Amino acid sequence: MYHLSCVHCGARYPPDAVLYTCERCGHLLEVRYPLEEVRVTREDWQQRPLSVWRYRELLPVAGAPVTLREGGTPLYSLERLGREMGLRSLHAKHEGMNPSGSFKDRGMTVGVSMALQLGKRTVACASTGNTSASLAMYAAKAGIPSVVLLPAGKVALGKVAQALLHGARVIAIRGNFDRALEMVHELCLSHGLYLLNSINPYRLEGQKTIGFEVLDQLGTVPDRIVLPVGNAGNISAVYKGLSELRDLGFIDALPKMTGVQAAGSAPVVRAIQEGLPDVIPEPSPETVATAIRIGAPVNGEKALVAIRKTGGTAVSVSDAEILSMQKALASREGIGVEPASAASVAGVRRMVEEGIIDRDERVVCVVTGHLLKDPETVVKQCAPPVEIDADMQSLLSALHL
Ligand SMILES: *Cc1c(COP(=O)(O)O)cnc(C)c1O
Ligand SMILES: [Zn+2]
């Protein structure tokens, strides 16, 4: 049986504890399994369908999960962009192909299942958008109410539409994401709602399966995994999962965990580049990539360990680089992602140029959310459709034929 463990002081808590941080020191918690009791092999896993639940021996859920068939997302080889950057091997794991259109579903299938397992009946989160869309969807599947707090006016249209239609109680606060998270955290502690932001250690358990799937799809451990970083939960989760596989003897090396942030919202990059012991919050984060518009990353402590222990790094990219890579992925590779997702690939381009990434490395980028999440940003970037009269001559002349 697993337990919860404080990443700072090592305090241990039983599996039925409803806790988000260590009672003794206030730091983050993580789920720990007695790995010596795990009986599964990689071959056993490979017999099962590719999905979050292929890896159930390393997940905390006991009974049947609340599932909408998350995970099993495609890993694409970026032939054109990779060649152009001069990379031997560049892949993108398209997490936009999850049920709600982002990797948050991996966390929510586990998180909402755990809410039920712990006897919780209302779930809540603060969100830059995708967490709320996913929570609303999984709460609907579970048949329980959900409450989501959004920063007013700062959430992409598709995400708000999802949260509303799946039936969450959607509250927009006149403040930023970081404030929304403080408020919902307080609400959950005072009123017993179950908090499903990435401070929740169970959510990260689901998300770690991104790394497992990459290994199974690539057939080898990549040299580097590159992720966009907001609250830094995903990069921490992937590192934790791969560390477990190493401790189980399934793999013998870890990829260099590499984070990419938007220049206007880059507290993790600053901590890495300046060698700081902790992440210092950025008071007014700003970027077109709203999913990573986060100044006080909740999982900063875990992410710094993930990056430093694997010899990875963190870099920032401008909004212009993000949007131009979003377009390149869409028009040259057929991969439609939202701006935050393109940050990982934009970061790779920059790191190759700066000599941080070696051209022989096998690089996997996690592209985190679907293009349709944020249609407004896309439409602003593109020339509008050419409108013509409904006759063949106008059509031919519009096409220069
Ligand atoms: C949540 C999210 C991120 C950031 O992930 P963190 O775990 O908060 O670092 C990046 N991209 C998209 C599309 C997201 O929804
Ligand atoms: Zn502690």
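One-based numbering, in listed order, for ligands and for the atoms of each. Predicted model only: the values in this text are computed from it and were never measured.
- What sits closest to atom 8 (O) of ligand 1 on the protein, heavy atoms only, is N231 N, 2.8 Å.
- Atom 11 (N) of ligand 1 has as its closest protein heavy atom T368 OG1, 2.8 Å.
- Only the side chain of I292 comes within contact range of ligand 1, with a heavy atom under 4.0 Å; no backbone atom does.
- For atom 7 (O) of ligand 1, the closest heavy atom belonging to the protein is N234 N, 2.8 Å.
- Some N or O of G230 is nearer than 3.5 Å to an N or O of ligand 1, by distance alone.
- Where the criterion is an N or O separation shorter than 3.5 Å, residue side chain and backbone included, T131 fails it with respect to ligand 1.
- Taking only nitrogen or oxygen atoms, main chain and side chain alike, G233 reaches within less than 3.5 Å of ligand 1.
- Of the protein's non-hydrogen atoms, the one nearest atom 5 (O) of ligand 1 is F103 CZ, 3.4 Å.
- Using a cut-off of 4.0 Å between Lys/Arg side-chain N and Asp/Glu carboxylate O, D44 and R39 are scored as not salt-bridged.
- Contact atoms of ligand 1 toward E338: 13 (C) (distance under 4.0 Å to a heavy atom of the residue).
- Between R332 and E79 there is no salt bridge, since no side-chain N of the basic residue sits under 4.0 Å from a carboxylate O of the acidic one.
- With the Zn ion (ligand 2) as the vertex, atom SG of C6 and atom SG of C25 span an angle of 100° (nearest 10 degrees).
- With a 4.0 Å cut-off on non-hydrogen atoms, A232 touches ligand 1 through its backbone and not its side chain.
- Each of the following atoms of ligand 1 lies closer than 4.0 Å to a heavy atom of V229: 9 (O).
- Checking side-chain atoms of Q261 against main-chain N and O of V317 turns up no donor-acceptor pair under 3.5 Å.
- The shortest N/O to N/O separation between N130 and ligand 1 falls below 3.5 Å.
- Between P339 and Q326, the closest side-chain pair of non-hydrogen atoms falls below 4.5 Å.
- Using a cutoff of 4.0 Å between basic side-chain nitrogens and carboxylate oxygens, R54 and E213 are not scored as salt-bridged.
- In summary, E321 and R350 engage in a salt bridge, as defined by a charged side-chain N under 4.0 Å from a carboxylate O.
- Note on K240 versus E244: salt bridge recorded, some NZ/NE/NH1/NH2 to OD/OE distance being below 4.0 Å.
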Open item on the list: Please evaluate residues Q117 and Y202 with respect to the criterion side chain to side chain donor-acceptor pair (under 3.5 Å), reporting the C-alpha separation (whole Å), side-chain torsions for both, the decisive distance (0.1 Å), and the verdict.
Closed with: CA-CA 12 Å; Q117 193 165 310; Y202 297 123; over 6 Å; no

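- In summary, E30 and K302 do not engage in a salt bridge, as defined by a charged side-chain N under 4.0 Å from a carboxylate O.
- Taking the six-membered ring where the residue is Trp, H94 and H370 present parallel rings, their angle staying beneath 30° rather than reaching 60°.
- What sits closest to atom 14 (C) of ligand 1 on the protein, heavy atoms only, is K104 NZ, 2.8 Å.
- For ligand 1, the atoms closer than 4.0 angstrom to any heavy atom of G369 are 13 (C).
- The ligand atoms of ligand 1 that sit less than 4.0 angstrom from a heavy atom of A340 are 11 (N).
- Rounding to 10°, one obtains 110° for the angle at the Zn ion (ligand 2) between SG (C22) and SG (C9).
- Donor-acceptor pairing under 3.5 Å is lacking for the side chains of E70 and N98.
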